[in-house]
Number of protein chains: 2
Amino acid sequence: MVKNLSKKERQKVLQKKIRENPFLIDRELAEIFDVSIQTIRLDRLELNIPEVRKRTKNLAKQAYSKVKSISGCEIIGKLVDIELNNSGISILETNEDMVLEKTKIVRGHHIFAQANSLAVAILDIDAALTGSAKTKFKRPVYVGERLIAEATVNNIRGDKFRVKVKTRVNQEEVFSGKFLVFSGEKLSKEGH
Amino acid sequence: MVKNLSKKERQKVLQKKIRENPFLIDRELAEIFDVSIQTIRLDRLELNIPEVRKRTKNLAKQAYSKVKSISGCEIIGKLVDIELNNSGISILETNEDMVLEKTKIVRGHHIFAQANSLAVAILDIDAALTGSAKTKFKRPVYVGERLIAEATVNNIRGDKFRVKVKTRVNQEEVFSGKFLVFSGEKLSKEGH
DNA sequence: GGTTAAGTTAGTACTAGGTCTTAATACTAG
DNA sequence: CTAGTATTAAGACCTAGTACTAACTTAACC
């Protein structure tokens, strides 16, 4: 509860609260500020904040926009171009969270994760499993560099897919990997 | 419009349609299949598909909980035993955040990340860089399983280290990888 | 043919979380 | 005292549903 604020103060805090938790409904907000629901609605009107259902819908749309067969947050990097079972491109902006502390070099597993994610995402199968991977890290990647990974499906035999991924920074190859991916549909249905 | 399907066929296509576009409301679905809204609702009931607002809310929540993924922590897994330049063990408890949505199978790059982290951590050098990695994922890992990775340094030659990592769940091998790691001290001091 | 069951449609009552409008208060400054 | 701002309240309406009951259609079986 945040009582006895002026209108301006309340509206400021309101914006913050909604930013922090966009799932709050008007009734809950009214309780937080100890005002009536109507007041909250007037505030939202003045601040141009849509109702909770539109807020969450927008959030969901943002998250959903690009990807189909796999949900957005499961992918490392942004998928920018996909032809299912054929090829795809993913872009990953590197940041401080990805580096070794002492250097400014991006840790290998982030580069691997982008490539692996991409290899799995371009396949038109429900449950893809990485079977093996041969990878080469050709030169260190530094913070801030933009990783562009390009995957191509080389070969499909039954439930086995061979996918090759090349990752570049400004045309320069920094990583390459060959992934053998399985369609794990049977396995997943066994439920372990 | 997809007309004249049997109930089973319709329900199958319905699931697919909603997976492809979770924002479809019952009325739109009814138009797609040329059946009444009630039929769509019975289908959803049987298939356990929630209403559009719950679907989008869930999507939004997923997206909002954010990609914890593998960034943030320097080391993936807990180091429990280390002999520098010789061997080390790391334990990683798998959880819901690490799996593919549709299955309960841990995504490959988490297993890789643990192994890679360990391979780098056991070396007594300031800046370790993964040069290449050959990896095999021997069987799927399910949520909740505890990954125990064991690394041994096989060979040191100048600034090149060969590290082998085996990851097990209850003694059973689930992953193995050979990492070629470089001491990147010179590179890192160049500052790029 | 008659009966049973499955599948489909229709209709009603009710819900949450709103919108939009009008109207009544309370408080405060000039 | 009054004008203006802030707040609250009341009511009609909306969307996208749930839950339930009832009727109708169709094919399958004996």
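In the text below, chain A, chain B and the rest are named by the order of the sequence lines, each starting its count at 1.
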### Task
Could you check if a side-chain atom of A:Q15 sits within less than 4.5 angstrom of a side-chain atom of A:L47, using non-hydrogen atoms only?
yes
### Message
Do A:L147 and A:V141 make a side-chain contact, defined as non-hydrogen atoms from C-beta onward lying under 4.5 Å apart?
### Response
yes
### Task
Grab the NZ-P distance between A:K57 and D:dT15 for me, whole Å please.
13 Å
### Query
A:A121 and A:L84: which non-hydrogen atoms are nearest, and at how many Å?
O-CD2, 4.1 Å
### Query
Whole Å only: how far is the CZ atom of B:F23 from the P atom of D:dA16?
14 Å
### Message
With no hydrogens and no angle check, just 3.5 Å: does a side-chain donor-acceptor pair link B:E145 and B:T94?
### Response
no
### Query
Would you say the side chain of A:F175 lies within less than 4.5 Å of the side chain of A:T135, judging by non-hydrogen atoms?
yes
### Message
So if I define the base as every atom that isn't primed, P, OP1 or OP2, how would nucleotides 6-15 of chain C read as a B/S/- string at a heavy-atom cutoff under 4.0 Å?
### Response
-SBBBB----
### Message
Distance check needed: C:dG17 C1' versus B:E51 CD, whole Å only.
### Response
11 Å
#### Entry: Close side-chain approach of A:N85 to A:L123, heavy-atom, < 4.5 Å
yes
#### Entry: Any side-chain heavy-atom pair of A:F179 and A:V165 under 4.5 Å
yes
### Query
Just how far, in rounded Å, is C1' of C:dG18 from CZ of A:R41?
5 Å
### Task
Can you tell me the distance, in whole Å, between the CZ atom of B:R27 and the C1' atom of D:dG17?
13 Å
### Query
Just how far, in rounded Å, is P of D:dT15 from CG of B:L24?
18 Å
### Message
For a quick check, with a 4.0 angstrom heavy-atom cut-off, what is the B/S/- contact string for nucleotides 23-30 of chain C, read 5' to 3'?
### Response
--------
### Task
Kindly point out which of D:dG17, C:dG17, C:dT19 is positioned nearest to the side chain of A:R44?
C:dT19
### Message
Within 45 degrees of the ring normal and closer than 6.0 Å to the centroid, is that where the cationic atom of A:K57 sits relative to B:F23?
### Response
no
### Query
Applying the salt bridge (charged side-chain N to carboxylate O under 4.0 Å, His left out) test to B:E173, which of B:R139, B:R168, B:K138 qualifies?
B:K138
### Message
I need the CD1-P distance between A:I25 and C:dG18, as an integer number of Å.
### Response
6 Å
